Protein chains: 2
Amino acid sequence: MAKKYNISVEATLEVIGGKWKCVILCHLTHGKMRTSDLKRHMPNITQKMLTQQLRELEQDGIVNRISYNQVPPKVEYELSDYGRTLQSILDSLCAWGEQHIIKEYGDKFAVLEDNVLNH
Amino acid sequence: MAKKYNISVEATLEVIGGKWKCVILCHLTHGKMRTSDLKRHMPNITQKMLTQQLRELEQDGIVNRISYNQVPPKVEYELSDYGRTLQSILDSLCAWGEQHIIKEYGDKFAVLEDNVLNH
DNA sequence: TGCTATAGGTTCTAAAAAGTAACTATAACC
DNA sequence: GGTTATAGTTACTTTTTAGAACCTATAGCA
């Protein structure tokens, strides 16, 4: 049967842990996005990691994958209903990061890439 | 100069990302703990990883290290004031994990180790 | 004397995670 | 006919992370 957890947060980390998942999900809190949009917002992620992480999030029921049957392909991702139960956590993580940047660097504009500030 | 972030959550993950930090911090939300207490609550962490992660959290100002000058040594860790700005996020992460476990397994008692349930 | 407990350091190795590069398909366009 | 765009796969390599096994010091105790 199931694995054992020593504290419930371990279960959370199994779903949204790792280097990229929280970042992907934070972007998706702003709404549906195509693969190429995500890629644009995450210039350092590789195609491989992006699809791999999205697959896992899909399998865990966090995101929906919407595939339009056309060529060239068009695929969109969005937070699922279940994924939206993470929304306030994701918002808080972003907000904390922003405060942390201000604390560390004094000015968030100094370290946030332009594209981010267009939110 | 500073590195650039493409989204503020990246800064958060730099501080509390990784396999162990959130778990350590969640335990510390319940109050000050000795190294050996933490170890007991995290049977799968190695001594090396535990001290390494605690060092990093200390350097980022998230935890305080309180060393009593005695033999055998006694060291306690606690959330710092700054670390406590993460408290509600940590609580939410734990709560979400608990709900997720219930969703996945139906019964949290089936997968949470006994020691956890004594909280 | 020899053992335990405590917190931690060090070196080496194993495993996991992530990156690189090359490949697929096909419609639309020049 | 050649090029671009899109989303994705695959095999291989590198980097990062984590673990195992060893070491330190010393008070207290049988």
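These numbers were taken from a predicted model, which means no experiment stands behind them.
A:Glu76 pairs by the salt bridge (charged side-chain N to carboxylate O under 4.0 Å, His left out) definition with nothing, not counting sequence neighbours. Qualifying salt bridge (charged side-chain N to carboxylate O under 4.0 Å, His left out) partners for A:Glu56, counting only residues two or more places apart in sequence or in other chains: A:Lys21. Legend: residues meeting ring-ring contact (aromatic ring centres under 6.0 Å, His included) with A:Trp96, ordered by chain and number and at least two apart, are A:His100, B:Tyr82. Scanning for salt bridge (charged side-chain N to carboxylate O under 4.0 Å, His left out) contacts around B:Arg55 gives an empty result, with sequence neighbours left out. A search for side-chain hydrogen bond (donor to acceptor under 3.5 Å, both in side chains) contacts involving B:Asp60 returns nothing, not counting sequence neighbours. Applying the salt bridge (charged side-chain N to carboxylate O under 4.0 Å, His left out) test to B:Asp37 and every residue at least two apart in sequence or in another chain returns B:Arg40.
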Could you pull out all donor-acceptor pairs under 3.5 Å where a side-chain atom in residues 44-54 of chain A meets a protein atom, sequence neighbours excluded?
residue : atom : partner : partner atom : Å
A:Thr46 : OG1  : A:Met49 : N            : 3.2
A:Thr51 : OG1  : A:Gln47 : O            : 3.0
A:Thr51 : OG1  : A:Lys48 : O            : 3.2

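Inter-axis angle, ends of the helix from C:dT1-D:dA30 to C:dC30-D:dG1, five pairs per end, rounded to 10 degrees: 20°.
Taking side-chain N and O atoms only, B:Arg34 has no distance below 4.0 Å to OP1 or OP2 of C:dG8. Listed pair B:Ser36 / C:dA7 meets the phosphate criterion, a side-chain N or O lying under 4.0 Å from OP1 or OP2.
Counting 5' to 3', DNA chain D first comes under 4.0 angstrom of a heavy atom of chain B and last does so at the ends given by D:dA18 to D:dA27.
Proximity of A:Val63 to A:Leu25: side-chain heavy atoms (C-beta onward) are separated by under 4.5 Å at one or more points. Between A:Met42 and A:Ile24, the closest side-chain pair of non-hydrogen atoms falls below 4.5 Å.
As judged by a 4.0 angstrom heavy-atom cut-off over every strand, B:Tyr68 is placed among residues making no nucleic acid contact. At the heavy-atom level, A:Gln47 lies under 4.0 Å from base atoms of the strands shown.
Rounded to a whole Å, the CD1 atom of A:Ile45 is 12 Å from the P atom of C:dT20. What separates CE of A:Met42 from C1' of C:dA18 is a distance of 13 Å, to the nearest Å.
Near DNA chain D, meaning a heavy atom under 4.0 Å from it, residues 49-64 of chain A has A:Thr51, A:Arg55 in order of number.
No more than 12 heavy-atom neighbours from other residues, nucleotides or ligands sit within 6.0 angstrom of NZ on A:Lys32.
Within the hydrophobic cluster formed by Ile, Leu, Val, Met, Phe, Trp and Tyr side chains joined at under 4.5 Å, directly or through other members, B:Tyr68 is accompanied by B:Ile66.
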Heavy atoms under 4.0 Å is the rule here; annotate nucleotides 21-30 of chain C 5' to 3' with B where the base is hit, S where only the sugar-phosphate is, and - elsewhere. -----BS---
